[in-house]
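Shown next, in structure tokens, is the structure this report addresses.
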Amino acid sequence: MPILLVPGLGASPRIYAPVLPMIWRHGPVMVANHIRDDSIGAIARRVLAEAPPRFALAGHSMGGYIALEIMRQAPERVMRLALINTQARPDTSEATEMRRDRMARARAGDYHAVIDEMFPDLVHPARRDDADLRALMHGMGDDIGTEAFIRQQTACISRADSRPTLAAIACPTLVLTGDEDNAIPNSLSADMADAIPGAKLTVIPHCGHLPQPEAPQATIAALVEWLRI
């Protein structure tokens with residue numbers, strides 16, 4: 001079974017590196033390129049055009065917004081769905097204002113300062129001084145670049161409200177989150193799991209918004225169980 005992984009905002013395929021060796025055992029893996037368009041709909045269409053005919057789909061954070069859009073556009077192609085540290089709700093006005101500020105600062109040359117500002121909310125509080133995780137975020141930021149970061153923020157601002165479509169999801173679904181996600185509270189994951197028929201909610205302890213590098217073994221266990229359903 002082909003497996004399609006979608007990274008989040010500001011993230012490159014590196015975000016999945018800690019879990020890839022074990023995931024690869026269950027099927028060929030493709031990591032979506034989500035940096036070329038500035039709307040979630042357009043990103044999903046391009047990902048679908050490049051994807052296998054049918055696949056298991058996992059989306060992390062912004063990648064979850066894209067995964068939910070793929071479920072709207074081509075649900076028959078998705079064999080399994082994993083929603084990792086994401087939400088079905090659209091942007092709030094406060095979130096949009098913050099995104100626009102970060103876009104302006106990135107455009108003005110403060111891209112790395114913006115990444116540093118984002119970092120504390122992306123990891124468990126105990127990992128805010130973790131130099132390796134901070135270096136990972138900067139490295140991924142360099143992978144995608146300033147212009148793609150701005151396109152991604154633009155896409156997130158205009159994304160649809162996915163809550164009305166959750167009840168129509170019919171494939172086996174995992175909703176995965178950390179117990180201290182300060183970027184997207186895990187209560188929003190619980191809401192999604194409640195709305196998707198038969199979905200399983202898994203909350204990883206001592207984990208923030210980045211479960212792949214923060215808690216790789218727990219993340220692998222949850223994803224492997226999902227792939228075996």
Side-chain angles (χ1 to χ4, degrees), residues 4-20 29-51 58-70 84-87 89-124 127-160 162 178 181-184 208-214:
L4 177 61
L5 306 176
V6 191
L9 184 149
S12 71
R14 294 195 216 188
I15 193 66
Y16 285 106
V19 304
L20 272 178
V29 177
M30 171 183 175
V31 180
N33 183 337
H34 65 330
I35 68 173
R36 296 166 290 181
D37 300 288
D38 63 1
S39 79
I40 298 295
I43 295 169
R45 283 190 292 275
R46 200 192 294 248
V47 169
L48 281 165
E50 298 171 347
H60 173 228
S61 193
M62 176 189 176
Y65 309 157
I66 297 165
L68 289 169
E69 178 63 27
I70 287 171
I84 305 170
N85 292 77
T86 190
Q87 61 180 322
R89 295 169 181 264
D91 245 19
T92 63
S93 58
E94 294 80 9
T96 293
E97 182 179 353
M98 181 174 63
R99 290 187 198 281
R100 294 195 187 283
D101 175 71
R102 287 174 173 170
M103 290 162 64
R105 290 164 54 205
R107 195 177 283 115
D110 288 335
Y111 182 39
H112 280 275
V114 169
I115 294 172
D116 272 328
E117 178 185 280
M118 293 169 61
F119 181 75
D121 282 339
L122 295 177
V123 296
H124 187 277
R127 297 188 180 93
R128 287 176 178 167
D129 294 325
D130 189 314
D132 290 338
L133 283 175
R134 189 178 292 270
L136 172 65
M137 290 307 302
H138 279 283
M140 293 194 299
D142 288 339
D143 290 344
I144 70 165
T146 303
E147 291 306 314
F149 175 81
I150 292 169
R151 285 193 291 272
Q152 289 183 335
Q153 294 281 19
T154 302
C156 288
I157 288 171
S158 63
R159 72 183 186 275
S162 292
D181 185 342
N182 291 311
I184 300 178
H209 190 65
L210 308 176
Q212 303 96 320
E214 288 192 77

Side chain proximity check, [X] to [Y], heavy atoms < 4.5 angstrom:
X: Met118; Y: Leu9; value: yes
X: Val123; Y: Phe119; value: yes
X: His60; Y: Pro211; value: yes
X: Ile40; Y: Met62; value: yes
X: Leu133; Y: His138; value: no
X: Arg134; Y: Asp116; value: yes
X: Leu136; Y: Leu210; value: no
X: Ile144; Y: Gln152; value: yes

Salt-bridge present ([X], [Y]; N to O < 4.0 Å):
X: Glu147; Y: Arg107; answer: no
X: Asp101; Y: Arg105; answer: yes
X: Asp37; Y: Arg151; answer: no

With distance as the sole test, does [X] use its side chain to make a donor-acceptor pair with the main-chain N or O of [Y] at under 3.5 Å?
X: Arg14; Y: Met140; value: no
X: Tyr16; Y: Val6; value: yes
X: Asp181; Y: Ile184; value: yes

Distance from [X] atom [atom1] to [Y] atom [atom2], nearest 0.5 Å?
X: Met98; Y: Thr96; atom1: CE; atom2: OG1; result: 9.0 Å
X: Tyr111; Y: Ile150; atom1: OH; atom2: CD1; result: 9.0 Å
X: His34; Y: Leu5; atom1: NE2; atom2: CG; result: 11.5 Å
X: Ile35; Y: Phe149; atom1: CD1; atom2: CZ; result: 13.0 Å
X: Asp130; Y: Met137; atom1: CG; atom2: CE; result: 12.5 Å
X: Gln153; Y: Arg102; atom1: CD; atom2: CZ; result: 7.0 Å

**OP:** Consider only side-chain N and O atoms of Asn85 and Ser61, and report whether a donor and an acceptor are under 3.5 Å apart.
**Re:** no
**OP:** Indicate whether the side chain of Asp143 and that of Ser12 have a donor and an acceptor atom separated by less than 3.5 Å.
**Re:** yes
Original post:
When Glu214 is tested against each of Arg127, His209, His124 for side-chain hydrogen bond (donor to acceptor under 3.5 Å, both in side chains), which residue passes?
Top reply: Arg127
Of all the heavy-atom pairs spanning [X] and [Y], show the shortest one and how long it is.
X: Pro7; Y: Ala32; value: CD-O, 3.7 Å
X: Ala106; Y: Thr146; value: O-CG2, 3.5 Å
X: Pro18; Y: Pro213; value: CG-CA, 3.9 Å
X: Ile84; Y: Ala58; value: CD1-CB, 4.3 Å
X: Cys156; Y: Asp91; value: O-CG, 4.0 Å

**OP:** Applying side-chain contact (heavy atoms from CB on, under 4.5 Å), run through Ile43 and Tyr65 and close with a yes or a no.
**Re:** CA-CA 10 Å; Ile43 295 169; Tyr65 309 157; over 6 Å; no
Subject >> Criterion salt bridge (Lys or Arg N to Asp or Glu O under 4.0 Å) on Arg45 and Glu69, from CA distance to verdict >> reply: CA-CA 9 Å; Arg45 283 190 292 275; Glu69 178 63 27; 5.4 Å; no
Original post:
When you look at Leu68 and Thr86, which way does the side-chain contact (heavy atoms from CB on, under 4.5 Å) test go after all the steps?
Top reply: CA-CA 10 Å; Leu68 289 169; Thr86 190; 5.5 Å; no
**OP:** Please check if atom CD in Glu50 has more than 12 non-hydrogen atoms from other residues, nucleotides or ligands closer than 6.0 Å.
**Re:** yes
Subject >> Crowding at CZ, Arg100 (>12 non-hydrogen neighbours, <6.0 Å) >> reply: no
Original post:
Would Thr154 and Met103 count as a side-chain contact (heavy atoms from CB on, under 4.5 Å) if you check the C-alpha gap in whole Å, the side-chain angles of each, and the deciding distance to 0.1 Å?
Top reply: CA-CA 9 Å; Thr154 302; Met103 290 162 64; 3.2 Å; yes
